[in-house]
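Every chain is numbered from 1 and lettered A, B, ... according to where its sequence line falls, protein lines coming before strand lines. Any value given below was found using the heavy atoms of this structure, including those in side chains, with hydrogens, waters and symmetry copies removed.
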Amino acid sequence: MSAGGGASRGARWTFAAAAILIFLFLYAPIAVLVAFSFQESQVLSWPIEAWSFRWYRLLLEDRELQQALWNSLMVASACVTVTTLAGVPLALALRRLRGRLGRFLEQTFLLPLIVPQFITGLALLIVLNRSDIGLSLWTVILGQSLVWMPIVVVQVHARLQRFDANLEQASMDLGANRLETFFLVMLPNLRTAVVGSALLVFTLSFDELPVTFFLTGAENTLPMHIWSMLRIGITPEINAIASLTVGASVGLILLGVWLLAKDRRRL
Amino acid sequence: MWQAKLQRHRIEIVCAIAAIGYLVVFIGLPYANVFAFSFWEKDLYTLRPALSPENYARAFTNDLYRQVILNSAEVATIVTLVSSVLGYLLAYYLAVYAERWRNLLFFLLIVPLWTSFLLRAYIWKIILGRNGILNSALTQAGVLDQPASFLLYNKFSISIALIYIFLPFVALPVYAALEKIPRGYVEASADLGSPPWATFWHVVFPLTVPGLAAGAMVVFCLSFGDFITPSLLGGTGDIMIANVIIAQFGAAYDWPFGSALAILVLLIVMLLVGLSVWIGRTVSRGRA
Amino acid sequence: MMDAVVRLDRVSKRFGSLVVLDDLSLEVRRGEFLTLLGESGCGKTTTLRIISGFEEPTDGAVYLNGRLVNAVPAYRRRVNTVFQNYALFPHMTVGENVEYGLRFDRVPRRERRRLAEEMLARVGLADKIDRQSTALSGGQMQRVALARALIKKPEVLLLDEPLSALDARLRKELQLELKRTQRETGITFVYVTHDQEEALVMSDRIAVMERGHIRQLGRPDDVFERPETLFVAEFVGASNKLDGRVVEIRHNSVIVALPSGDRLEAPTRSAGDLATGTDVRLIVRPEHLRVAADSSAATNVVRAVLEDIIYLGSDRKLTLRVGERLRIELQERGDRLPPCLGTRLGMTVDIEIPPDALYAFRKGRGE
């Protein structure tokens with residue numbers, strides 16, 4: 001929908017002003033954060049008097065932080081692998097199920113996404129505790145995969161709904177069996193959904209705290225590490241970390257947008 | 001006969017078994033355990049299986065817990081209302097007026113979603129704090145004599161951070177709904193003599209209600225179940241239900257009671273999901 | 001006996017309580033162009049899908065080349081389909097689409113490409129081989145879909161309303177092209193359409209379907225000129241319907257009285273069980289009616305009020321009213337109509353209905 005030529009000028013400017021204010025609200029804090037990350041002083045104060053890379057240098061020396069970053073990357077990659085390998089077949093399975101059972105399963109699959117995540121975390125903690133499984137990064141991977149699985153299932157399932165069933169039949173009609181049809185026809189057409197949800201799972205997992213909070217053992221992920229730093233008090237080092245993560249996210253999204261656009265050109 | 005049927009539907013059957021198996025093991029089992037645990041008893045340092053309603057009784061009779069739940073509901077309601085209004089405004093501007101800026105602004109709307117939740121809550125600590133940027137700016141401008149302390153560690157700071165975090169959660173589904181409305185509907189309405197506000201109210205708004213309801217529902221549930229923002233930005237009197245539950249699994253070591261509270265939160269969330277689905281359905285059936 | 005490539009023997013298909021095909025038997029002869037003609041929901045597409053293997057019949061047997069194939073999946077049948085919306089794979093080029101099916105016949109890559117080039121040349125799209133399949137026009141997509149199916153050298157090619165998405169002019173062009181391709185390759189075509197003109201133009205034989213049954217199977221001229229049931233008569237070709245009652249039985253014909261009082265003689269043909277007093281419906285095509293020059297000379301004449309004259313290029317269509325409420329249409333070349341007909345709007349004219357053009361069917365009998 002977009003406004004016709006007759007849209008009133010007054011309404012347009014009112015909405016534009018509101019939008020500008022809201023975007024200011026969304027972005028001013030990020031700007032402040034980035035600015036503070038370059039502040040020399042230990043104590044935050046405005047206006048910034050001396051600028052430096054001091055806090056970024058500190059990051060380079062912080063072994064614990066680097067270990068946490070590495071752990072987070074491992075966990076996020078493992079989650080992407082697990083959710084993709086299990087989520088795509090689950091979406092395919094869901095597509096085969098029509099009627100009441102199918103609808104019921106579809107909605108139940110969403111549960112971990114709707115239920116507050118810390119509840120899923122503590123639920124798994126209870127199960128693991130009762131079955132005497134020790135907490136580690138593996139249990140974090142398990143927990144996060146469970147929570148993010150619906151994203152892959154829902155995205156792929158939605159794409160499958162739009163997928164022209166005739167393409168599948170055309171492929172089988174031309175002699176491909178189900179497996180060949182899946183790899184040659186369906187997967188290439190699901191690619192954007194699979195890549196998109198994998199990217200989303202990666203960033204969400206990288207950032208995840210509530211489930212990890214319950215399920216991690218001795219090792220920390222990056223958010224857990226930041227969390228414990230924040231409990232102690234504000235240090236400008238956190239501003240540097242935050243600025244870097246914002247930068248990294250923007251980079252990732254741009255990559256995603258670029259991939260999508262490339263894909264659309266092909267289609 | 002039934003064998004032939006079995007044969008014909010073998011793929012469907014395999015799929016059903018796989019899907020149901022996943023649900024039972026990875027979704028049903030954990031939540032069922034929480035439910036079972038909520039009836040257990042705690043003796044000092046040991047947890048004992050039981051079928052006791054004691055934990056629920058405690059949650060309902062103790063004023064403290066009632067207050068915490070109400071507190072969480074209050075914050076969640078404020079956050080939901082404000083982010084719905086702001087999110088709707090933003091989505092409407094994007095869909096209707098933004099024109100050539102649309103892609104850039106849409107991009108700017110999703111960027112925050114991809115950055116750390118934890119850090120987006122933390123930002124407000126450095127903005128609203130006693131030595132924060134807002135206080136510095138206000139004192140330097142002469143508005144305040146000395147830095148104000150009422151900005152941080154209360155419901156206001158929790159709410160503003162949550163609104164900041166969740167605003168795009170409303171804006172995105174509403175924008176998607178607005179995008180899908182064919183221009184012909186609006187033009188037809190205008191053609192039939194409807195002034196713009198009436199077109200909005202009778203044609204555009206009803207078509208966005210399912211998206212708005214879904215977004216608002218998500219915002220409410222996430223705010224209601226958040227423990228990060230209150231523990232970073234809340235004062236001692238502003239703890240929310242999630243903090244209490246987590247404490248039961250931590251220092252208090254009262255897992256059964258924590259489970260009972262978790263089940264209550266689950267019920268509230270389910271109720272809201274049901275409500276928003278119902279709203280979405282009635283509106284799209286009744287008017288669209 | 002003719003050589004049957006496909007034989008459906010007493011095939012039924014039910015989805016729950018819905019009966020889509022009801023005890024249907026059909027033989028498709030080798031090398032023929034057979035059309036399944038009917039309205040949507042008559043079971044024609046289901047019949048096609050049972051032959052291709054996408055649906056299994058609830059009851060009955062499907063034979064390909066005399067071999068029972070009920071349980072053989074689609075990808076193991078030497079039957080290929082041109083889908084209604086072409087179903088070209090959007091992520092592949094035209095060439096990749098066309099050679100796709102050969103992968104599964106273990107044809108080496110280079111050979112596949114060569115065959116695809118050959119096949120595309122045949123449909124006039126040799127220069128489009130490296131185009132993305134989504135960048136084609138409707139007619140080109142249709143040709144690619146045809147090439148993709150034909151490259152498999154199927155025993156039977158199934159076509160599910162392949163021209164329905166195209167505009168009228170292109171449709172006419174492709175009808176002839178399809179017919180020519182069929183004749184050149186000698187491949188058996190089973191073609192599904194709801195467009196009777198398409199069926200008449202292309203087919204060797206037409207099966208007219210209604211509610212899961214084949215109502216008539218025959219050459220186009222049989223179906224068009226010698227309909228065996230009321231449904232076929234009404235469905236194929238434009239037709240006037242005149243309801244009346246049998247008042248007299250003659251040797252090879254009956255006399256039918258219309259509510260307007262007019263009496264018409266109609267041959268009995270196969271419908272020989274018409275007794276006096278039976279309610280019947282007479283069917284006659286607009287192009288078989290004539291404006292009578294001299295009313296006294298001809299038999300089978302009805303008096304009608306001329307309501308409208310519609311100009312159709314070389315033809316004119318006349319709308320006429322017989323009696324109180326019966327409307328009929330007459331189509332005739334303009335130069336064969338009496339001059340100055342335009343001045344007689346609203347007046348009565350005599351319409352002659354040659355007995356041979358009339359078909360009498362008993363009314364209210366379950367078809």
Side-chain angles (χ1 to χ4, degrees), chain A residues 1-4 8 11-12 15-16 18-19 22-23 25-27 29-30 32-33 36 43-46 89-90 93-94 96-97 101 105 108-109 111-112 114-116 118-120 122-127 130 146 203 207 209-210 214 223 226-227 230 234 238 242 245-246 249-250 252-253 257, chain B residues 11-12 15-16 18-20 22-23 26-27 29-31 33-34 37 86 89-90 92-93 95-97 99 108 110-112 114-119 122-127 131 133 136-137 164 167 178-179 181 183 186-187 196 221 225 227-228 232 242 246 249 255 258 262 265-266 269 273:
Chain A
M1 201 181 82
S2 66
S8 105
R12 174 186 299 268
F15 274 103
I22 294 169
F23 272 117
F25 172 61
L26 288 177
Y27 277 89
I30 294 178
V32 168
L33 187 82
F36 271 133
V43 183
L44 302 180
S45 69
W46 191 262
L90 279 172
L94 266 190
R96 292 257 159 218
L97 304 173
L101 177 72
L105 289 177
T108 322
F109 260 101
L111 219 51
I114 297 164
V115 169
F118 80 94
I119 293 185
T120 308
L122 67 86
L124 286 170
L125 176 67
I126 292 176
V127 173
R130 293 185 77 177
L146 275 186
T203 45
D207 181 36
L209 185 65
F214 283 99
I226 299 173
W227 176 249
L230 283 174
I234 297 180
I238 295 174
T245 55
V246 171
S249 325
V250 172
L252 264 181
I253 305 175
V257 170
Chain B
I11 295 166
E12 281 79 3
C15 289
I20 294 172
Y22 177 85
L23 281 179
F26 292 109
I27 298 179
L29 188 73
Y31 296 129
N33 260 290
V34 179
F37 244 69
L86 296 183
L89 277 175
L90 195 57
Y92 197 81
Y93 175 77
V96 180
Y97 297 111
E99 288 163 11
L108 287 178
I110 54 170
V111 165
W114 291 64
T115 59
S116 166
F117 182 101
L118 188 56
L119 292 169
Y122 155 78
I123 290 179
W124 291 93
K125 209 165 173 160
I126 59 173
I127 293 176
N131 299 318
I133 180 165
S136 313
Y164 174 71
L167 197 153
L178 285 168
E179 273 277 82
I181 300 177
R183 195 172 164 151
V186 177
E187 286 174 356
C221 293
F227 69 93
I228 295 171
L232 283 180
I246 282 171
F249 280 82
W255 290 23
V265 171
L266 267 184
V269 166
V273 172

Is any side-chain heavy atom of [Y] closer than 4.5 Å to one of [X]?
X	Y	result
A:Leu230	A:Ile238	yes
A:Val115	B:Val265	no
A:Ile22	B:Tyr93	no

Residue, of [options], that accumulates the most heavy atom pairs under 4.5 Å with chain B:
options	result
A:Thr203, A:Thr245, A:Val127, A:Leu122	A:Leu122
A:Ala19, A:Pro112, A:Pro210, A:Pro29	A:Pro29
A:Leu101, A:Leu94, A:Thr120	A:Thr120

Checking side chain to side chain contact (heavy atoms under 4.5 Å, CB included) against A:Phe214, which of A:Ile126, A:Leu125, A:Leu124 comes through?
A:Leu125

Enter the distance from B:Tyr31:OH to B:Phe26:CZ here, rounded to the nearest 0.5 Å.
13.0 Å

Interchain contact, [X] with chain A, by part (heavy-atom threshold 4.5 Å):
X	result
B:Pro196	neither
B:Tyr22	side chain
B:Phe249	side chain
B:Leu108	both
B:Leu167	side chain
B:Phe37	side chain
B:Val273	side chain
B:Leu86	both
B:Leu89	both

Quick check on the interface: out of [options], who has the most heavy-atom pairs with chain A under 4.5 Å?
options	answer
B:Ser116, B:Cys221, B:Ala262, B:Pro112	B:Ser116
B:Asn33, B:Val34, B:Leu23, B:Ile27	B:Leu23
B:Leu29, B:Leu118, B:Val269	B:Leu118
B:Gly225, B:Pro30, B:Ala242, B:Gly258	B:Pro30
B:Leu232, B:Ile127, B:Ile228, B:Leu266	B:Ile228

Fit a plane to each ring of A:Phe15 and B:Tyr92, take the angle between them on a 0 to 90° scale, and name the class: parallel (under 30°), tilted (30 to 60°) or perpendicular (over 60°).
tilted

For A:Phe118 and B:Phe227, take the angle between the two ring planes, folded into 0 to 90°, and tell me which bin it lands in: parallel under 30, tilted 30 to 60, perpendicular over 60.
perpendicular

Under 4.5 Å heavy-atom distance to chain B, tell me which part of [X] shows up: side chain, backbone, both or neither.
X	result
A:Leu146	both
A:Ala18	side chain
A:Leu90	side chain

Closest heavy-atom pair, B:Phe117 versus A:Asp207, reported as atoms and distance to 0.1 Å, is N-OD2, 2.9 Å

Please report whether the ring centroid of B:Trp124 lies less than 6.0 Å from that of A:Phe25.
yes

